[in-house]
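Here the structure comes first, spelled out in C-alpha cells, and everything after it is commentary.
Lettering follows sequence order; numbering is per chain, from 1.
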There are 2 protein chains.
Amino acid sequence: MEISAAQRRLLEAAVDAFAEHGFGGTTTRDIARRAGRSPAAVYVHHASKETLLYVISLEGHTAALSCLQRAFDSCADPEARLRAMVSEFSAWHLDHARLGRVIQYELHALSDEHRAEILALRREFQSLMVAALDDGIAAGSFDVEDVDGTARALLSLCIDLARWFDPALSRHPQALARLNADLALRMVR
Amino acid sequence: MEISAAQRRLLEAAVDAFAEHGFGGTTTRDIARRAGRSPAAVYVHHASKETLLYVISLEGHTAALSCLQRAFDSCADPEARLRAMVSEFSAWHLDHARLGRVIQYELHALSDEHRAEILALRREFQSLMVAALDDGIAAGSFDVEDVDGTARALLSLCIDLARWFDPALSRHPQALARLNADLALRMVR
DNA sequence: GTCTATATGTTGATAGAC
DNA sequence: GTCTATCAACATATAGAC
C-alpha cells in the first residue's frame with residue numbers, strides 16, 4: 001500500500017504531536033493544524049487516530065530494525081559488528097528522537113491486535129543482539145555471563161536516548177553514539 | 001502538608017491509570033473508579049488532574065533520589081559504592097515500575113512551573129552519579145574518558161527498566177539489578 | 001481531493017443535597 | 001467528608017457542499 005504525500009504529511013504531524021503531548025493528549029484537530037489541513041482532512045487519508053499511531057509504530061519499528069540489521073550485516077568481526085550495531089542504533093534514536101519516543105512510549109494506546117503485531121517485531125531486536133553476542137562468545141572475543149540480560153542492557157543504552165535527547169539542546173549526537181559503542185565493548189569483554 | 005488516606009488512595013489510583021493509559025488517556029472518572037470513589041471525590045482531595053501528576057512526580061523523584069543518595073552514602077570504596085548505586089537504583093525502578101513509568105514518561109503533561117521544578121530535581125541524579133565517578137577516578141579505581149556521558153549511560157541502564165519491566169512476567173528483579181551493577185563496573189574499568 | 005458544519009459522546013470540573 | 005446530577009467545553013468522527 002503506497003502512502004500519498006498528503007498521508008505522509010499527516011503522519012509527520014502526528015509524530016510531532018504524539019511526541020509532544022502523548023497519544024491521549026493529542027487531538028486530531030492539532031494533527032490537522034500541524035499538517036495545514038482542516039480537521040476533516042485527517043479522516044480522508046487515515047481511518048482513525050489509532051491507525052495513525054499504528055502506521056507510525058509499524059514504520060518506525062521497521063526502520064529501526066532495518067538499521068540494526070544493516071549494522072549486523074556490515075561486519076563479520078564480532079567487536080566491529082557490536083560497535084556498529086550500538087553506534088548505528090544509538091544514532092537512529094538520536095536522529096529520530098521524536099519518532100523514537102512515540103514508538104517506544106505510546107504502545108499502550110494501540111489496539112490489542114496492533115500492539116501484538118508490534119510486540120512481535122520488537123522481539124527481533126533482542127534476537128539480533130543476542131546473535132551478535134553469541135558470535136563474539138563463540139569466537140572467544142566476548143566474555144558475557146548473561147547473554148539475554150546483556151543484550152537487553154545494550155538495547156536499553158540506545159533506546160533510552162530517545163527519552164531525554166533534544167537536538168536543540170544537546171551536544172553532537174555522534175559523540176553520544178560513539179560513547180555508547182565504547183561502553184558496549186567494555187560491557188562484553 | 002500531610003496527605004490523608006483518601007488523598008493517598010486517589011494518588012495510587014492515578015499512578016496505575018497514568019502508567020496504563022498515559023496522562024492524556026486517563027479520565028478523572030477512571031481514577032475515581034479505581035479508588036472506589038465518585039468522580040466528584042477526586043476534586044475534594046486534589047485540585048486538578050494535573051496536580052495529581054505533579055504530586056506523583058514530586059514524590060516519585062524525591063523517593064528515587066533518596067534511594068540513590070542512600071546508596072551513595074552507604075560506601076566509601078568507589079567500586080562498592082557504584083555497585084550499590086546502580087543495583088539500588090535499578091531495584092527501585094523494578095519495585096516501582098508503574099510509578100517509574102509515570103515520572104519518567106509523563107513529564108510533558110505537567111504545567112511549565114511544575115515541570116521546571118521537577119527538572120531541577122532530575123539534575124541531582126546526574127550530579128550524584130558524576131560525583132561517584134569522579135571519586136573512583138581520583139582514587140585510581142576507574143578509567144573513564146567521558147564522565148558526564150558515562151554517568152548518563154549508567155542512569156539510562158537503570159531508568160530504562162521501567163519502560164519494559166512487568167512484575168507479572170519477569171520473575172527475577174534481583175538478578176536484573178545485579179546484572180546492571182556488574183555491567184556498570186565493566187563500563188568504568 | 002478540499003472545506004464548513006455538525007452529530008454524538010465524553011471530558012474536567014462544579015453545584016448542591018445529605 | 002460522601003454522593004448524584006450537571007454544565008460547558010471539547011473530543012472523534014461524519015455529512016454533504018464544492
| field | DNA chain D contacts made by residues 6-37 of chain B, counting heavy atoms under 4.0 Å | value |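 Contacts with DNA chain D under 4.0 Å: B/Arg29, B/Arg37.
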| said: Let's see if you get this right: which residues in residues 105-116 of chain B place a heavy atom under 4.0 Å from DNA chain D? | reply: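 By residue number: none to list.
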| task | Any pair with a residue in residues 138-151 of chain B that passes salt bridge (charged side-chain N to carboxylate O under 4.0 Å, His left out), sequence neighbours left out, goes on the list, sorted by first then second residue, please. | result |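 Residue pairs with at least one partner in residues 138-151 of chain B: A/Arg171-B/Asp146, A/Arg186-B/Asp143.
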| Pair listing, ring-ring contact (aromatic ring centres under 6.0 Å, His included) test, anchored in residues 170-189 of chain B, at least two apart |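 ring-ring contact (aromatic ring centres under 6.0 Å, His included) check on residues 170-189 of chain B returns no pairs.
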| Residue pairs involving residues 131-142 of chain B (criterion side-chain hydrogen bond (donor to acceptor under 3.5 Å, both in side chains); sequence neighbours excluded) |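 Found B/Arg81-B/Asp135.
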Looking at residues at least two apart in the chain, or sitting in another chain, which of them share a side-chain hydrogen bond (donor to acceptor under 3.5 Å, both in side chains) with [X]?
X: B/Arg34; value: B/Glu20, B/Asp30
X: B/Glu79; value: B/Arg189
X: B/Glu59; value: B/Arg8

For [X], which residues count as a ring-ring contact (aromatic ring centres under 6.0 Å, His included) partner, sequence neighbours excluded?
X: A/Phe125; result: A/Phe89
X: B/Phe18; result: B/Phe23
X: B/His46; result: none

| field | d(OH, A/Tyr43; P, D/dA11) in whole Å | value |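 For the pair A/Tyr43 OH and D/dA11 P, the rounded distance is 11 Å.
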| Does some side-chain heavy atom of A/Glu50 sit less than 4.5 Å from a side-chain heavy atom of A/Ser111? |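 Touching, per the 4.5 Å side-chain cut-off.
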| field | Leading and trailing nucleotides of DNA chain C with any atom under 4.0 Å from heavy atoms of chain B | value |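 It runs C/dT11 to C/dA15.
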